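By convention in this document, chain letters (A, B, ...) are assigned in the order of the sequence lines, proteins followed by strands, and residues within each chain are numbered from 1. Since this is a predicted model, take the numbers as computed values, not measurements.
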Amino acid sequence: MTRPRPLPRSFFAGNALEVAPQLLNKVLEHRGRSIRIVEVEAYLGCDDPASHAYRGPTPRTEVMFGPPGHLYVYLSYGIHWCMNIVCGPNRVAGAVLLRAGAPLTGIDEQWAARPAARRRIDLANGPGKLAAALGIDDRHRGLDLCAAQSPVIVADDGVPPPASPMTGPRIGISTAIDHPWRFFVPADPHVSPARRPR
DNA sequence: CCGCCGATCTTT
DNA sequence: AAGATCGGCGGG
């Protein structure tokens, strides 16, 4: 394991579909708390009916139409913050939703931020849980992960992405459900549990 | 284990 | 009215 270093903006400049599997096993850090990313989903923007950016920019989604490497944070069901990394060139509203992670550091603070969790593997095994465990919320909207002083970074600590990531349909959507744009680390217990639609 | 349901904000 | 979710509760 080499010393972690932040990923450069060029890492996020490709299409979200290409970047998403490369984010598996990367380290996400915020103020001493960190997780290893084990599950992500790609959203393609204007060409993707399931993307929040499908109908063009709104106050909520405008960050996705900006440069890559910034955070798109949204409130899910009025309750839970979820975090995405904007990908693709300027004006292309791609993003990768960070869905689950394995807790690495700052475990005590993650427990404190996730009082409902009973087991350690439940600290960040869902998009709302992941953001909560790390303390990410609307204050982090638009944050530039590649800026020198960013409190949130994605780092490469030498663990490569899986050679053959698992794929499947994205979770919780009702349109464009046939695309296998969810990627996760095979057999990892920190991947989110499958949920039935309501 | 599984299924139901409420919480509560943004967008359509 | 629906939604890129979660956790508490009840039943098997």
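- For the atom pair CG (A:Leu104) and CG (A:Asp157), the distance works out to 7.5 Å, reported to the nearest 0.5 Å.
- Residues meeting the side chain to side chain contact (heavy atoms under 4.5 Å, CB included) test with A:Leu75, sequence neighbours left out: A:Trp81.
- Distance CZ (A:Arg170) to C1' (C:dT5): 17 Å, rounded to an integer number of Å.
- The salt bridge (Lys or Arg N to Asp or Glu O under 4.0 Å) analysis of residues 124-138 of chain A, with sequence neighbours excluded, yields the pairs A:Asp137-A:Arg139.
- Applying the side chain to side chain donor-acceptor pair (under 3.5 Å) test to A:His52 and every residue at least two apart in sequence or in another chain returns A:Tyr72.
- Contacts between residues 112-129 of chain A and DNA chain C, defined by a heavy-atom separation below 4.0 Å, involve A:Arg114, A:Ala116, A:Gly126, A:Pro127, A:Gly128, A:Lys129, listed by number.
- Listed by first and then second residue, the salt bridge (Lys or Arg N to Asp or Glu O under 4.0 Å) pairs involving residues 64-76 of chain A amount to none (not counting sequence neighbours).
- The CZ atom of A:Phe184 sits 8.5 Å away from the CD1 atom of A:Ile171 when rounded to the nearest 0.5 Å.
- Between A:Val63 and A:Leu71 there is no side-chain heavy-atom pair separated by less than 4.5 Å.
- Nucleotide C:dG7 holds its C1' atom 8 Å from the NE2 atom of A:His80, rounded to whole Å.
- Applying the salt bridge (Lys or Arg N to Asp or Glu O under 4.0 Å) definition to pairs two or more places apart or across chains, none involves residues 54-82 of chain A.
- Of the residues in residues 52-79 of chain A, A:His52, A:Tyr74, A:Ser76, A:Tyr77 come within less than 4.0 Å of DNA chain C through at least one heavy atom, sorted by number.
- The stretch residues 97-105 of chain A touches DNA chain C through A:Leu97, A:Arg99, each having a heavy atom within less than 4.0 Å of the strand.
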Do any side-chain atoms of residues 90-101 of chain A form donor-acceptor pairs under 3.5 angstrom with protein atoms, and if so which ones, sequence neighbours left out?
unit_1  : atom_1 : unit_2   : atom_2 : d
A:Arg99 : NE     : A:Glu39  : OE2    : 2.8
A:Arg99 : NH2    : A:Ser192 : OG     : 3.4

Watson-Crick and G-U pairing of DNA chain B, under 3.5 Å, as dot-bracket with | and [ ]
|||||||.|||.

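- When rounded to the nearest whole Å, the span between CD of A:Glu39 and C1' of C:dT5 equals 13 Å.
- The nearest whole Å value for the distance from the CD atom in A:Glu41 to the P atom in C:dA4 is 10 Å.
- Applying the side chain to side chain donor-acceptor pair (under 3.5 Å) test to A:Arg170 and every residue at least two apart in sequence or in another chain returns A:Asp48.
- With rounding to the nearest 0.5 Å, the separation of CG in A:Leu145 from CD1 in A:Ile85 is 5.5 Å.
- Going from atom CD1 of A:Ile171 over to atom P of C:dA4 covers 12 Å, rounded to whole Å.
- Taking a 6.0 Å sphere around CD1 of A:Ile177, one finds it holds 12 or fewer heavy atoms contributed by other residues, nucleotides or ligands.
- Every residue meeting the side chain to side chain contact (heavy atoms under 4.5 Å, CB included) condition with A:Phe11, not counting sequence neighbours, appears here in chain and number order: A:Leu7, A:Pro8, A:Val19, A:Gln22, A:Leu23, A:Lys26.
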